[in-house]
Every structure is written in structure tokens, then in C-alpha cells.
Amino acid sequence: MAETDLENHLRNLLKGSKYLVVVDDVWQKEAWESLKRAFPDSKNGSRVIITTRKEDVAERADNRGFVHKLRFLSQEESWDLFCRKLLDVRAMVPAMESLAKDMVEKCRGLPLAIVVLSGLLSHKKGLNEWQKVKDCLWKNIIEDKSIEISSILSLSFNDLSAALKQCFLYIGIFPEDEVIDAENIIRLWMAEGFIIPRREERMEDVTEGFLNELIRRSLIQVEDTFWEKVTEFRVHDLLRDLAIQKASGTNLFDIYHPRKHSKSSSCIRLAIHSQGERYHSLDLSNLKLRSIMFFDRDFPNVFQHIDVFRHIYVLYLHINYGGVIPDAIGSLYHLKFLSLRGINDLPSSIGNLKNLQTLVVSEDRYTCQLPRETADLINLRHLVAPYSEPLKCINKLTSLQVLKGFRCDQWKDVEPVDLVNLRELSMDRIRNSYSLNNISSLKNLSTIRLLCEAPEIVVKRENRETASSVSKSITMLLLWDSVLTEDPMPILGMLPNLRNLQLIWAYKGKEIMCSDNSFSQLEFLRLYILVDLETWHLGTNAMPLIKDLVIERCPKLKEIPERMKDVKRT
């Protein structure tokens with residue numbers, strides 16, 4: 001729809017109705033002037049709320065309106081926030097505390113400034129280092145004697161290592177307010193060559209450490225976690241603006257804009273965000289292009305540009321469901337990262353991508369077809385795809401570390417002895433019965449997820465006899481919809497390194513038994529939708545390290561064991 005048509009459509013929808021509309025993050029009064037025509041005033045008590053960081057925008061939006069100014073944190077609240085974000089409060093001697101209080105006071109109650117300052121000082125050791133930070137900030141004191149927030153953000157950025165700077169700047173390539181998948185960014189950083197592993201360390205572990213350091217410095221904000229592991233995060237608008245500003249100075253990436261885009265851009269990475277924009281000025285003939293990320297599902301005929309993709313390392317593509325990938329994709333020999341959303345069929349030429357490290361094919365509620373040539377991707381480390389047909393010779397993928405979307409009925413035909421690096425296995429659509437016998441040969445497996453679909457699932461008896469040998473490195477286990485008829489706890493309690501256990505509709509019996517000395521390393525236990533569970537027996541020495549317990553929708557459970565009543569419940 002054209003802007004005028006959209007305005008009229010919205011106005012007609014609201015006409016005669018009593019409505020409340022929130023317009024978030026308005027930066028200019030001109031923006032509100034162009035929006036307000038869409039909101040009819042029917043004199044019936046309707047309200048429009050505008051949020052903005054700019055006081056003049058709020059004051060000029062409507063001379064009949066009310067401006068509510070959000071208060072800043074008090075000095076006490078500011079200091080409490082600073083200390084909560086500081087990594088080691090005990091290392092702060094009185095002289096350092098005095099310095100810190102001076103700096104926190106100058107943040108004038110602005111939470112973002114406080115947490116970034118705390119993250120910066122957490123990585124500075126000793127009084128002299130903290131004094132240097134204060135000296136730098138005091139150079140940028142403005143007239144009202146507060147610290148300009150941009151100087152704190154810049155100082156924190158400048159304190160990063162060269163590799164970590166690249167990782168932080170790269171986050172700016174994502175659209176504003178995007179919730180970013182942590183595993184996704186880790187794989188992208190690896191493919192872009194930002195990470196150089198140290199000695200025998202796994203590249204994934206080093207990269208995850210980089211992500212965690214950005215979190216500790218409060219340069220990114222955790223959105224969601226799973227068993228203490230960050231799964232999603234965001235970046236604050238001001239920090240994203242900083243990343244884009246710094247990145248433009250180094251030509252790290254370019255974000256396409258139809259009115260501003262330069263055909264002579266020398267950036268090697270390009271992102272396309274806007275929906276419904278015109279692409280007449282988009283020039284992909286730049287032979288230096290190494291990464292291209294399409295966030296616009298309506299981009300016209302992406303693969304008409306396939307010839308200029310031949311040198312790229314990263315192709316990140318979200319298109320409308322049913323898109324077709326041409327055979328020519330097999331000519332992108334340098335690809336290390338390929339993410340395809342909206343695709344349900346890949347050509348056999350995919351097997352030519354011998355440098356590919358990550359292949360992600362995803363579409364909610366749909367499955368995809370992977371050709372047998374996928375097994376020729378000898379450097380593949382992460383395969384995430386809900387594929388529906390058996391992938392023969394998967395044991396050829398000896399570099400594979402993460403396998404998600406695998407159908408359990410396919411696993412019975414797998415000889416996994418050569419999958420020596422596999423650390424995470426997720427199987428879904430389990431139907432009828434399953435056996436995990438051959439998983440015991442996966443010596444590095446640390447995480448397994450089993451997602452079941454059928455109302456009755458039978459675990460074969462041999463599983464129970466071999467469970468204690470099913471990879472001694474297992475630390476996380478999730479059973480979902482398995483509806484077991486026999487108590488799984490006696491076997492699960494034998495896993496020597498299990499730290500996290502989650503049972504979701506996993507058991508239909510009336511009681512569970514956790515015997516003495518079982519679950520010796522368990523820290524997190526989640527029991528969801530065990531609708532028939534009535535009794536929980538807990539041995540004296542069972543679960544000695546438990547620190548977090550969640551029980552939801554277990555309506556018949558009469559009581560929890562006495563010792564569990566003191567455990568934190570989230």
C-alpha cells in the first residue's frame with residue numbers, strides 16, 4: 001500500500017472507536033506530524049501515547065497533551081545497579097569505591113551509562129586503572145557537570161581487543177530492535193574470520209567466550225537463556241548507533257538504503273533490511289563483496305545476482321516460503337556460512353561447497369529436503385535442518401559438532417562411530433519406539449534433546465541397560481512429550497555429569513524415585529506437565545548440588561520432598 005492509502009485505511013479502522021495507541025521511539029516532531037493524521041479525534045476519550053528521548057518532540061507533539069518525564073535513578077539506586085553489574089565487588093578497596101561513586105554520580109541516574117561503566121571497570125584491575133578511566137571521562141564533562149553517555153560508550157568500545165571490536169561492530173549489521181540468536185552470531189563470527197582459536201581450544205568455545213565478554217561489559221543485553229546459557233540477545237539503540245558509526249569508518253559493512261546507497265561502496269559486507277523499498281540503485285557488481293545478508297523477504301529474485309556471489313563467505317537469506325534455490329549455488333565455493341529461511345528443497349549441487357562450516361535451513365511448521373550430496377560437506381560443523389528424508393552416509397561428516405532436526409527413525413541406520421566431534425544432538429518427531437544404543441559411541445556428546453510426537457512412546461529395554469554408558473560427558477538432557485510409562489529417574493540418576501534435566505510431558509506414572517547418591521552433579525531440574533505424578537521419593541544424598549527447581553502443571557503432586565523446599569524456585 002502507498003503511504004496515503006495506509007493512512008486512510010488506518011483512519012477508517014479507528015473511526016468511531018475508542019482506542020489507545022502507543023507510538024514508540026519518535027525522534028523528530030516532523031515524524032509525528034506525518035503520523036497523526038491517521039488517528040481520528042472522535043471526542044470519545046481516545047488517547048495516543050508517544051515515547052521519545054527528545055524533550056522538544058514531546059512538548060511540541062500536541063499543545064493539549066501532557067508530558068510525563070520518566071525519573072532517573074536515585075544515587076542509592078544508581079550505586080546498587082553499579083555494584084550488581086560489577087564482576088568482583090570484593091576487589092573494590094575504599095579508594096576505588098570513592099572513585100567509582102564519583103563516576104556513578106556523574107552518570108546522573110542513567111541506567112545504560114551506569115551498567116556500561118560497571119562493565120568497563122570490571123575489566124580494569126587496581127586503583128591506577130580506575131583513575132585512568134576517571135581522568136578520561138572527566139575530559140568530557142559537559143556544562144551540567146554530567147558525563148556525556150557517548151563518551152562512556154566510546155571508552156568501553158576502545159577498551160576492547162581488536163577481535164572483540166570486530167565482533168561488536170558486526171552486531172550493527174542486524175536490523176534495529178532485532179532479537180539476535182546467540183548460536184547464529186557465534187557461527188557468523190566464525191565464518192567471517194574474526195575468531196582465531198588459541199592452542200587446542202575449540203573455535204566455538206572461544207567465540208562463545210567473546211559473546212559472554214560483551215555481555216559482561218553490558219554492551220549487549222541478554223534477552224533469553226536456557227539453563228544459564230544465553231540463547232538470545234539485543235543491542236541497545238545507542239550502542240547499535242555506535243557500532244554503525246564505527247563500522248562505517250572502517251568499511252566493515254554497509255546497510256543498503258535506496259536514497260543513500262553508494263554504487264561505489266568499498267565495503268565487503270552488505271545488509272538489506274527494508275521491506276517494500278525500491279532497489280533500483282542497488283549495485284552488487286562489487287567484486288570485493290564477501291558477505292551479503294537479506295532480511296527483506298520481498299527482495300525481488302535474489303539469485304539473479306548469483307554471478308556476483310561467487311566470492312562470498314556468508315549468505316544469509318530470508319525469503320517467502322516456497323523459494324527455489326538454483327543449481328548455481330554450488331558454484332559459491334568459498335561459502336562458509338549458509339542460512340536459508342523459507343526454503344524446503346536444496347539442489348544436489350550443494351555438495352560442492354567443501355568449505356561450508358554452517359548450514360541452516362529453517363521454516364516453521366515445514367520440513368526440508370536435503371540431497372544425499374549434503375554428506376559430502378567434509379568441513380561442516382553445524383547442520384540445523386528439519387529434514388524429512390534419511391541422510392545417507394552422515395557418518396562422513398567427521399567435523400560435525402552440532403546436529404539438529406534429525407529424525408529419530410533415521411538414527412537407527414546411522415553408524416556414528418566416525419562422528420568423533422559431535423557435541424550436540426537434537427532429534428524430533430519421535431514416533432512409535434526408539435533406541436539410543438549407538439549413542440554410547442559418541443564420546444564428546446554433551447547435549448541431547450529428544451522431542452516426541454506420538455501420545456505413546458516406548459523406550460526399548462536395551463536403552464536402560466546401556467544408559468550409564470551413554471556418553472559420560474552428557475551435561476544437559478531434555479525429554480519432551482515422551483510420555484514414558486516407567487520411571488526414568490533410576491536410569492537418569494546414573495549419568496555421572498548430568499547438570500541440567502528437563503522433563504516435559506515425559507512421564508505418565510504416579511511416582512518418581514531418586515535413590516541415594518543419584519544425580520550427583522545435578523544443579524537444575526525442570527518438571528513440566530507430569531499430570532499423573534503424585535509422589536516424589538528423594539534419597540538422603542540424592543541431588544546434593546541442586547540449586548534451581550521448577551515444577552509446573554503437576555496438579556496431582558501432593559508435596560515436594562522436605563529438602564527441596566529450601567531450593568530456589570524460578
Side-chain angles (χ1 to χ4, degrees), residues 173 184 187-188 190-193 253-254 256 261 263 265 267-273 277-363 366-389 391-394 396-397 399 405:
I173 205 170
N184 195 34
R187 294 165 187 159
L188 282 165
M190 289 170 50
E192 295 285 7
F253 64 79
D254 193 7
Y256 173 76
H261 190 73
K263 293 185 178 183
S265 173
C267 288
I268 63 174
R269 300 176 185 90
L270 177 66
I272 298 173
H273 292 175
E277 295 281 10
R278 297 177 180 272
Y279 296 99
H280 59 270
S281 65
L282 179 58
D283 181 9
L284 295 177
S285 62
N286 184 350
L287 295 181
K288 294 182 179 179
L289 201 62
R290 293 295 180 267
S291 299
I292 186 161
M293 303 176 75
F294 293 90
F295 296 94
D296 185 355
R297 288 176 175 244
D298 297 319
F299 188 85
N301 193 7
V302 169
F303 289 102
Q304 68 180 336
H305 305 288
I306 195 75
D307 288 339
V308 298
F309 290 173
R310 295 193 188 280
H311 299 281
I312 66 173
Y313 297 149
V314 170
L315 178 56
Y316 187 96
L317 179 61
H318 287 194
I319 62 177
N320 289 318
Y321 178 72
V324 177
I325 302 295
D327 287 337
I329 197 169
S331 65
L332 309 184
Y333 304 115
H334 299 287
L335 264 185
K336 293 184 178 180
F337 179 100
L338 177 59
S339 178
L340 304 169
R341 184 179 296 275
I343 303 298
N344 66 344
D345 197 0
L346 293 179
S348 59
S349 63
I350 200 81
N352 297 336
L353 307 180
K354 304 301 184 187
N355 290 304
L356 200 64
Q357 296 175 350
T358 294
L359 175 59
V360 177
V361 186
S362 57
E363 178 59 43
Y366 294 99
T367 59
C368 67
Q369 303 289 332
L370 294 183
R372 58 184 178 83
E373 287 81 5
T374 306
D376 296 331
L377 302 175
I378 55 175
N379 286 304
L380 199 64
R381 299 168 73 96
H382 313 108
L383 175 56
V384 182
Y387 53 97
S388 56
E389 296 296 327
L391 181 57
K392 302 296 185 184
C393 301
I394 195 173
K396 292 168 59 179
L397 300 177
S399 297

Test applied, side-chain contact (heavy atoms from CB on, under 4.5 Å); reference residue, Leu338; option that passes from Ile350, Val314, Leu346, Leu332: Ile350
When you compare the side chain of Thr358 with that of Met190, does any pair of heavy atoms fall below 4.5 Å? no
As a quick check of understanding, evaluate side chain to side chain contact (heavy atoms under 4.5 Å, CB included) for Leu383 and Leu370, giving each step before the final call. CA-CA 11 Å; Leu383 175 56; Leu370 294 183; 4.2 Å; yes
Side chain Ser399, main chain Ile378, donor-acceptor under 3.5 Å: yes
Ile329 side, atom CD1; Leu340 side, atom CG - distance, nearest 0.5 Å: 5.5 Å
CG/Leu270 to CG/Asp254 distance, rounded to the nearest 0.5 angstrom? 6.0 Å
On the 0 to 90° scale, with breaks at 30° and 60°, tag the His334-His311 ring pair as parallel, tilted or perpendicular. parallel
Evaluate the criterion side chain to side chain contact (heavy atoms under 4.5 Å, CB included) for residue pair Lys396 and Asp376; output intermediate values, then yes/no. CA-CA 7 Å; Lys396 292 168 59 179; Asp376 296 331; 2.8 Å; yes
Please give me the minimum heavy-atom distance between Ala271 and Ile173, naming the atom from each residue. CB-CG1, 3.5 Å
Minimum heavy-atom distance Pro347-Pro371, with the two atoms named: O-CG, 3.4 Å
Sidechain-backbone polar pair: Asn355 side chain, Tyr333 backbone, donor-acceptor under 3.5 Å: yes
Rounded to the nearest 0.5 Å, what separation is found between the CG atom of Leu315 and the CE atom of Met293? 10.0 Å
Within this structure, what is the CG-CZ distance for the pair Leu317 and Phe295, rounded to the nearest 0.5 Å? 11.0 Å
Should Phe337 and Asn184 be marked as a side chain to side chain contact (heavy atoms under 4.5 Å, CB included) after you check the CA-CA gap, both sets of side-chain angles, and the distance that decides it? CA-CA 10 Å; Phe337 179 100; Asn184 195 34; 3.3 Å; yes
Test item: Leu335 and Ile312 side chains (from C-beta on) under 4.5 Å apart, heavy atoms: yes
Using the rule salt bridge (Lys or Arg N to Asp or Glu O under 4.0 Å), only one of Arg269, Arg187, Arg290 pairs with Glu192; which is it? Arg269
Taking the side chain as everything from C-beta on, heavy atoms only, tell me whether Arg310 gets closer than 4.5 Å to Ser331. yes
